[in-house]
2 protein chains.
Amino acid sequence: MNSSASTKERILTAAEALFAQRGFEGASLRQLTAAAGVNLAAVNYHFGSKDHLVEQVFKRRLDQLNARRLGALKHIAGLQETTLEDVLSAFIRPALDLSHDGGGGLFMRVLARAFAEHDDSLRKFLSENYGHVMRQFTVEFARLLPGLSKEELYWRIDLVTGALTHAMSGFGIIQRKSDVSETSHREQTAEHLIRFAAAGLRAP
Amino acid sequence: MNSSASTKERILTAAEALFAQRGFEGASLRQLTAAAGVNLAAVNYHFGSKDHLVEQVFKRRLDQLNARRLGALKHIAGLQETTLEDVLSAFIRPALDLSHDGGGGLFMRVLARAFAEHDDSLRKFLSENYGHVMRQFTVEFARLLPGLSKEELYWRIDLVTGALTHAMSGFGIIQRKSDVSETSHREQTAEHLIRFAAAGLRAP
DNA sequence: CGTATCCTCAAACGATCGTTTGAACCATTC
DNA sequence: GAATGGTTCAAACGATCGTTTGAGGATACG
């Protein structure tokens with residue numbers, strides 16, 4: 001069972017990296033299993049199919065991400081006064097941390113690919129694992145932006161999501177300079193994102 | 001030559017739709033040529049390879065988009081006073097129009113896929129066909145936002161790009177309601193985008 | 001009419017894809 | 001020590017991929 005769990009984890013990690021690099025269709029099981037150092041048949045044995053493997057790659061990280069986001073949201077809900085920046089921080093920083101923690105560095109890029117794939121079953125899976133988190137954050141945003149109509153609010157949250165996904169998946173031209181530590185670069189990224197998003201959400 | 005151009009156009013149009021729907025790797029030449037009603041070998045005859053076809057799909061629309069964006073930018077440069085909203089409009093509206101005009105409705109989705117693919121040759125191609133337009137808009141943004149450092153400005157333009165790409169490629173949850181005409185929906189989209197982006201760019 | 005040029009077509013090429021198979025291995029249990 | 005259930009392995013399966021080939025059709029020019 002231990003060696004099995006290790007094989008599964010090795011597959012998941014190699015899959016995450018290869019999916020980020022080559023896409024879900026572009027990464028073959030042969031490249032993937034070779035990178036993981038396991039037998040080709042191990043994917044179908046442990047995951048049933050390549051599609052199920054894709055889902056599990058998402059599940060492993062989304063569970064982390066959702067838990068951290070909700071934890072951060074709960075934490076600031078206990079404060080006396082919450083600002084828009086606090087809620088944005090609870091939304092953004094867990095994702096940034098995941099981008100740099102424990103090997104999850106490539107996951108946001110995989111997530112961005114999933115946005116680009118309009119595959120319905122994958123979108124349904126994401127919405128089921130993601131929907132309730134977004135709904136809770138939407139409630140908080142609505143509370144802090146009472147002047148916005150529901151439609152306006154949805155629009156702006158959608159645009160914030162686009163900006164964050166873009167930035168967090170490393171599409172952008174902004175790269176960390178060699179004389180800046182990773183920690184401080186992450187902090188700068190978070191500040192830029194929060195400042196921009198807060199201003200956009202507060203737009204007159 | 002006429003029937004040849006027609007074959008090429010049919011391939012380009014079918015490719016654009018299939019690339020948007022299934023991705024560059026996911027769309028096969030057999031599906032593609034069947035949808036276009038042409039022979040399988042026609043792609044390699046007219047375009048040399050699938051990769052070159054991908055480039056030409058981009059080139060056909062990017063040439064339109066770049067021309068319209070630069071035209072709009074030139075137009076407002078002639079005005080006495082230019083606002084941030086004017087420049088954003090010159091940047092956003094041509095893309096929105098392209099999303100609804102002359103069969104280019106799926107192109108922005110293809111473009112978003114290209115952002116997700118980190119394929120270097122494709123990125124290089126895009127940067128060569130896209131770079132000078134972005135540079136011109138950056139100059140205008142810098143002029144209208146004199147308080148921002150270069151780094152801040154790049155960051156914010158990058159975030160604006162992310163928000164626009166996300167919105168224009170139809171990722172978002174916002175869909176046109178049946179009681180709203182396409183024209184007015186496009187206008188509303190443009191207004192939301194411009195308002196949000198302008199506020200984000202002006203963030204303190 | 002003959003030739004040249006461009007284009008289309010069916011067929012096949014080798015490569016690679018996701019998946020399945022059945023034997024071998026290895027720890028645990030009786 | 002024989003049997004069991006979970007796991008790994010090399011090998012093969014049929015399907016599909018992008019690309020190439022060579023024959024044939026179509027049109028224009030001499």
Side-chain angles (χ1 to χ4, degrees), chain A residues 1-60 110 113-114 116-117 119-122 125, chain B residues 1-60 110 113-114 116-117 119-122 125:
Chain A
M1 178 103 75
N2 278 350
S3 80
S4 149
S6 161
T7 296
K8 280 183 90 165
E9 284 297 318
R10 291 232 298 281
I11 291 175
L12 285 170
T13 301
E16 187 173 74
L18 263 176
F19 289 160
Q21 190 185 345
R22 307 199 197 247
F24 305 112
E25 304 237 24
S28 75
L29 293 186
R30 283 171 180 81
Q31 299 170 339
L32 202 157
T33 50
V38 304
N39 186 270
L40 168 62
V43 169
N44 283 279
Y45 176 78
H46 286 285
F47 297 94
S49 69
K50 187 181 181 180
D51 285 341
H52 284 87
L53 169 62
V54 172
E55 287 192 357
Q56 291 306 310
V57 167
F58 279 100
K59 184 161 174 44
R60 180 172 68 157
V110 177
R113 276 192 187 273
E117 310 276 342
D119 179 86
D120 280 338
S121 69
L122 188 56
F125 178 85
Chain B
M1 177 100 78
N2 279 349
S3 80
S4 148
S6 161
T7 296
K8 279 183 90 166
E9 284 297 318
R10 292 231 298 282
I11 291 175
L12 285 170
T13 301
E16 186 172 73
L18 262 175
F19 289 160
Q21 190 185 345
R22 308 200 196 245
F24 304 113
E25 305 237 24
S28 76
L29 293 185
R30 284 169 179 81
Q31 300 169 339
L32 202 156
T33 50
V38 304
N39 186 270
L40 168 62
V43 169
N44 283 279
Y45 177 77
H46 285 284
F47 297 95
S49 70
K50 187 182 182 180
D51 285 340
H52 284 85
L53 169 61
V54 172
E55 287 192 358
Q56 291 307 308
V57 167
F58 279 100
K59 184 162 174 42
R60 180 172 68 156
V110 178
R113 278 193 185 272
E117 310 276 342
D119 180 86
D120 280 337
S121 69
L122 187 56
F125 177 84

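Every chain is numbered from 1 and lettered A, B, ... according to where its sequence line falls, protein lines coming before strand lines. Just so you know, these numbers come straight off a predicted model, no measurement behind them.
In this structure, A:H52 and A:F47 approach most closely via the heavy-atom pair CB-O, 3.0 Å. Of all heavy-atom pairs between B:K50 and B:E25, the closest is NZ-O, 4.0 Å.
Taking a 4.0 Å limit (strictly below) on heavy-atom distances, residues 33-41 of chain A reaches DNA chain D at A:N39, A:A41.
Rounded to whole angstrom, the span from the CG atom of B:N44 across to the C1' atom of D:dT19 amounts to 5 Å. Distance, B:I11 CD1 to C:dC9 C1': 13 Å, rounded to whole Å. Spacing between atom CZ of B:F47 and atom C1' of D:dG18 amounts to 15 Å, rounded to whole angstrom units. D:dT7 atom P lies 14 Å from atom CZ of A:R10, rounded to whole Å. Whole-Å rounding puts the A:E25 CD to D:dT16 P distance at 14 Å. Spacing between atom NZ of A:K50 and atom C1' of C:dT20 amounts to 17 Å, rounded to whole angstrom units. In this entry the distance linking NE2 of A:H46 with P of C:dG18 reads 18 Å, nearest Å. Computed from coordinates, the B:F24 CZ to D:dG18 C1' distance equals 17 Å when rounded to whole Å.
Taking only side-chain atoms of B:Y45, from C-beta outward, the nucleotide of D:dT19, D:dT8, C:dC6 with the closest atom is C:dC6. The side chain of A:L29 lies closest to C:dG18, out of D:dT19, C:dC7, C:dG18.
Salt bridge B:E9/B:R60: present, at least one basic N to carboxylate O contact under 4.0 Å.
A:V43 is listed as a side-chain neighbour of A:I11, based on a closest heavy-atom distance under 4.5 Å. The side-chain heavy atoms of B:L53 and B:L32, taken from C-beta on, include a pair separated by under 4.5 Å. Counting only heavy atoms from C-beta outward, the side chains of B:T13 and B:R10 never approach each other to under 4.5 Å.
Contact annotation: B:S28 side-chain N/O to D:dT16 OP1/OP2 distance is not under 4.0 Å. A close approach under 4.0 Å does not occur between any side-chain nitrogen or oxygen of A:T7 and OP1 or OP2 of D:dT7.
Considering CZ of B:F58 and CG of B:L12, their distance stands at 12.0 Å, rounded to 0.5 Å.
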